[in-house]
Amino acid sequence: MKSQLKIYNTLAREKQVFEPLVPGHVGFYVCGPTVYSDVHLGNCRTFICFDVVHRYLVKLGYKVRYVRNITDVGHLVDDQDDGEDKIAKKAKVMELEPMEVVQHYTNGFHEMMEIFNCNKPNIEPSATGHIIEQIEMVQQILDKGFAYESNGSVYFDVKKFSESYPYGELSGRVLDDLRSGTRELDGQSEKRDSLDFAIWKAASDEHIMRWNSPWGEGFPGWHLECSVMSQKYLGETFDIHGGGMDLKFPHHECEIAQSVASYGTSPVRYWMHTNMVTVNGEKMGKSNGNSIMPAELFSGDHPLLTKGYSPMALRFFILQSHYSSNFDISNDALQASEKGYQRLMNSYKVLHELEYASNGSGIDAAEEKEIQDLCEKCYDRMNDDFNTAETIAVLFDMSKKINSFKEKHIPISSISEDTFQLLKATFTEFVRDVLGLKEETTGDNGLTDELIGFILEMRNASRERKDWATSDQIRDKLTELKIQVKDGKEGVSWTVG
RNA sequence: GACUCCGUGGCGAACUGGGAACGCUCGUGUCUGCAAAACACGUAUGAGUCGGUUCGAUUCCGACCGGAGUCUCCA
């Protein structure tokens, strides 16, 4: 009997047993990037974590509809009335058509997701592709009386809304506290209340991104696209909504308010939030100027790094901590993770080269049970709010077993063939399918394999002649080239790194 | 100021009301021509500080100290 999946629901502030709305199916929405700049490692962490969530849900047998949006309009530089659209601003700076900016950074984002081995969502809707639906939602909210028009813009009436429904439940905000924290509106403002937010924004004359609407030419407000697109593809209520912690307020709070205002029900059953990536203890943010970009990580071309690290090493590093914890990036930590990742993948390789053989010496019941327990633990740990850190710890315990089988410290015949196959399947599926880790190849169509195989043959020949000078010279040179030679009982093997 | 969260070995990082995982590092041993790898064993008598609850707390409660996040755009 396997344990049940539990998810820490940020709305309820507790771990809850996951029960999908429709048995066997999961509606899963993740807030994607605003495509006006390159993604940094903080962005990547969130998407990698939710990639694992998605992968595990699939592993559990759910039919998952995974929606991750692209925000390509509406995200203002600030919340002032003269706030500029982020995409439009970048377009001006780069002297490009706004959609060129969008396409450029969307491509870059997709490329990174591919490099980090993240599965593609089932639907990746963009805000500009859903202008009509957004206008409809604005109209619905107006019809319900929870919004008002002002100079061609439409604002969500937070005060009015809060008289009928709770506002601030997700982020734990109290309206009066919020209001006291904001500065007074000047006479120029179109808003009735400082807490109101734009759901439709009138376009000024020079604004390039504009659409016709019942309120004149304009563009949709930032929070609206997620409400509209999640509703369109997952329904008025769906199972899981994920995003970074920094989106909790105001973005997700506003999403809830918009959905409740337009059709009366809270949209999400389980809210999940990933914690922030920090550098020297400070949040990595686009506006903080401390971003580390994936390219800098790979090349090592960054003041904080002494060398480059591979995409999979970073992925492994990220998964070694829980998604809800702060995650500090440092060179030392990366280095430790890189080693660990290599160790794990080495066991992965060893496991696939292992063959079961019975020698009739009988099965060791304790060993048998230990292996079976480890396999079950993988599920237990992941079921506990996707605890990848603990899952990896179990996989390392399995690694020891795998290596012991290989080195014949434990005879492989001490477990049954069924248990061996269980170990093989579980280890493989958790490393490859759930955590999404893969072996990093040199991508040269096996030429390296052939070459090194040949060189090692030559070395073996000199070893048989006891010509240690030559064999050591070959080994030292290979080591210099970052190729590690391992002389085992069953012959020689090698790994890069 | 308000609201959250965190403070665990040399480093990273989990879990837990009753033996402090796992990875890296370091040490010893087995293996090996040697080395590496692998395996085995060891490495925090202690979990920011001070109180309280408890037979018993790192784990629950309170205070304090330190750090972070959100309250404005951010994954």
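Values below: all heavy atoms of this structure, side chains included; hydrogens, waters and symmetry mates excluded. Just so we're on the same page: letters track the sequence lines, and every chain starts at 1.
- As rounded to whole Å, 17 Å separates atom P of rC6(B) from atom CG of Asp328(A).
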Show me the protein contacts with nucleotides 64-66 of chain B, counting only N or O atoms at under 3.5 Å.
none

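- Side-chain to base pairing of Asn280(A) with rG67(B): no donor and acceptor N or O lie closer than 3.5 Å to each other.
- Here His40(A) lies in heavy-atom contact (under 4.0 Å) with a base.
- For the pair Asn9(A) (side chain) and Glu14(A) (backbone), a donor-acceptor distance under 3.5 Å is absent.
- A 3.5 Å limit on both hydrogen-bonding distances identifies no Watson-Crick or G-U partner for rA44(B).
- Base pairing annotation: rC5(B) forms a Watson-Crick or G-U wobble pair with rG67(B), both donor-acceptor distances under 3.5 Å.
- Looking at heavy-atom distances under 4.0 Å, Ser325(A) makes contact with sugar-phosphate atoms alone, never a base.
- Across rA75(B) and rU49(B), the matching C1' atoms stand 35 Å from one another, rounded to whole Å.
- Rounded to a whole Å, the CD1 atom of Ile329(A) is 16 Å from the P atom of rA75(B).
- Along RNA chain B, the nucleotide closest to Tyr323(A) and the one closest to Thr274(A) are compared, and the more 5′ of them pairs with Tyr323(A).
- On the C1' atoms, rC73(B) is 33 Å away from rC65(B), given to the nearest whole Å.
- Judged by the 6.0 Å distance and 45° axis criteria, Lys159(A) is not positioned over the aromatic ring of Phe161(A).
- Side-chain atoms of Ser287(A) come within donor-acceptor range of the base of rC73(B), with a qualifying N/O pair under 3.5 Å.
- Residue Ser324(A) places no side-chain N or O under 4.0 Å from the OP1 or OP2 atom of rC5(B).
- Nearest-nucleotide positions on RNA chain B place Tyr8(A) closer to the 5' end than the other of Tyr8(A) and Gly32(A).
- In this structure, of rG33(B), rC73(B), rA37(B), it is rA37(B) that holds the atom nearest to the side chain of Gln484(A).
- Aromatic ring orientation, Phe327(A) versus Phe317(A): tilted (interplanar angle from 30° to 60°).
- Using atom C1' as the reference point in both rU16(B) and rC50(B), the two lie 23 Å apart (nearest Å).
- Proximity note for Phe249(A) (side chain, C-beta onward) versus rA35(B), rU70(B), rA75(B): the nearest is rU70(B).
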Heavy-atom contacts, protein to nucleotides 19-31 of chain B, under 4.0 Å, summarised as B (base), S (sugar-phosphate only) or - (none) per nt, yield --BSBSS------

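- Backbone-only engagement by Gly172(A) is indicated by non-hydrogen atom pairs under 4.0 Å involving sugar-phosphate atoms exclusively.
- Between Phe430(A) and Tyr56(A), the ring planes are tilted. Angles from 30° to 60° get that label.
- Spacing between rA21(B) and rC60(B) at atom C1', rounded to whole Å, works out to 22 Å.
- Between the Thr388(A) side chain and the Leu319(A) main chain, a donor and an acceptor come within less than 3.5 Å of each other.
- Nearest nucleotide to the Leu178(A) side chain, out of rC34(B), rA75(B), rC71(B): rC71(B).
- Residue Asn346(A) has no polar side-chain atom (N or O) positioned under 4.0 Å from OP1 or OP2 of rA37(B).
- With hydrogens and angles ignored, no donor-acceptor pair closer than 3.5 Å exists between the side chain of Asp487(A) and the base of rA37(B).
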Does the ring-ring contact (aromatic ring centres under 6.0 Å, His included) test come out yes or no for Phe197(A) and His223(A), once each step is laid out? CA-CA 9 Å; Phe197(A) 54 93; His223(A) 317 298; 5.4 Å; yes

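- Residue Asn403(A) has its side chain nearest to rA38(B) when only rA14(B), rA75(B), rA38(B) are considered.
- Set against rA75(B), rG12(B), rC39(B), the side chain of Phe47(A) has rA75(B) as its closest nucleotide.
- Cation-pi geometry between Lys286(A) and Tyr36(A) is satisfied (NZ or CZ under 6.0 Å from the ring centre, within 45° of the ring normal).
- Atom CZ in Arg459(A) sits roughly 13 Å away from atom P in rC34(B) (whole-Å rounding).
- Rounded to a whole angstrom, the distance from the C1' atom of rU70(B) to that of rU59(B) is 27 Å.
- Remark: the separation of the C1' atoms in rG42(B) and rU25(B) is 14 Å, to the nearest Å.
- Under the 6.0 Å distance and 45° angle rule, Arg173(A) counts as a cation-pi partner of Phe249(A).
- Dashed line: the shortest gap from a side-chain N or O of Lys486(A) to OP1 or OP2 of rA38(B) is not under 4.0 Å.
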Mind running side chain to side chain donor-acceptor pair (under 3.5 Å) on Tyr233(A) and Asn122(A) for me, showing each step along the way? CA-CA 10 Å; Tyr233(A) 299 112; Asn122(A) 299 99; over 6 Å; no

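- Proximity note for Lys86(A) (side chain, C-beta onward) versus rC73(B), rA13(B), rU70(B): the nearest is rC73(B).
- Atom pair Asp246(A):CG and rA68(B):P shows a separation of 17 Å (rounding to whole Å applied).
- Searching all strands for a Watson-Crick or G-U wobble partner of rG29(B) with both distances below 3.5 Å returns rC39(B).
- We find that NE2 of His252(A) is positioned 16 Å from P of rU72(B), with the value rounded to whole Å.
- Spacing of P atoms, rG48(B) relative to rG7(B), comes out at 7 Å, to the nearest Å.
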Salt bridge (Lys or Arg N to Asp or Glu O under 4.0 Å) evaluation trace for Lys283(A) with Asp246(A): CA-CA 10 Å; Lys283(A) 176 185 169 181; Asp246(A) 49 355; 3.4 Å; yes

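- Base pairing analysis places rG62(B) opposite rC50(B); the two distances defining the Watson-Crick or G-U wobble pair are each below 3.5 Å.
- Taking every side-chain heavy atom of Arg173(A) into account, rC71(B) is the closest of rC71(B), rG33(B), rA75(B).
- The separation of rC15(B) from rA20(B), taken at their C1' atoms, amounts to 9 Å, rounded to a whole angstrom.
- Just one residue in the list Lys486(A), Lys482(A), Met345(A), Gln342(A) forms a side-chain contact (heavy atoms from CB on, under 4.5 Å) with Thr495(A), and that residue is Lys486(A).
- Nucleotide rC55(B) is matched to rG18(B) when pairs are restricted to Watson-Crick or G-U wobble geometry with both distances under 3.5 angstrom.
- Interface remark: the Arg475(A) side chain does form a donor-acceptor pair with the rC34(B) base, using a distance-only criterion of under 3.5 Å.
- Here Met276(A) lies in heavy-atom contact (under 4.0 Å) with a base.
- Across rA14(B), rA75(B), rA37(B), the shortest atom-to-atom separation from the side chain of Glu407(A) is found for rA37(B).
- When the P atom of rA75(B) is taken as reference, atom CG of Asn288(A) falls 12 Å away, rounded to whole Å.
- Note that Arg343(A) lies outside the cation-pi zone of Phe396(A), set by a 6.0 Å cut-off to the ring centre and a 45° limit from the axis.
- As rounded to whole Å, 17 Å separates atom C1' of rG1(B) from atom CZ of Arg179(A).
- Comparing rA14(B), rA68(B), rC34(B) against the side chain of Glu282(A) picks out rA68(B) as the nearest.
- Using cut-offs of 30° and 60° on the angle between ring planes, the pair His273(A) and Trp271(A) is parallel.
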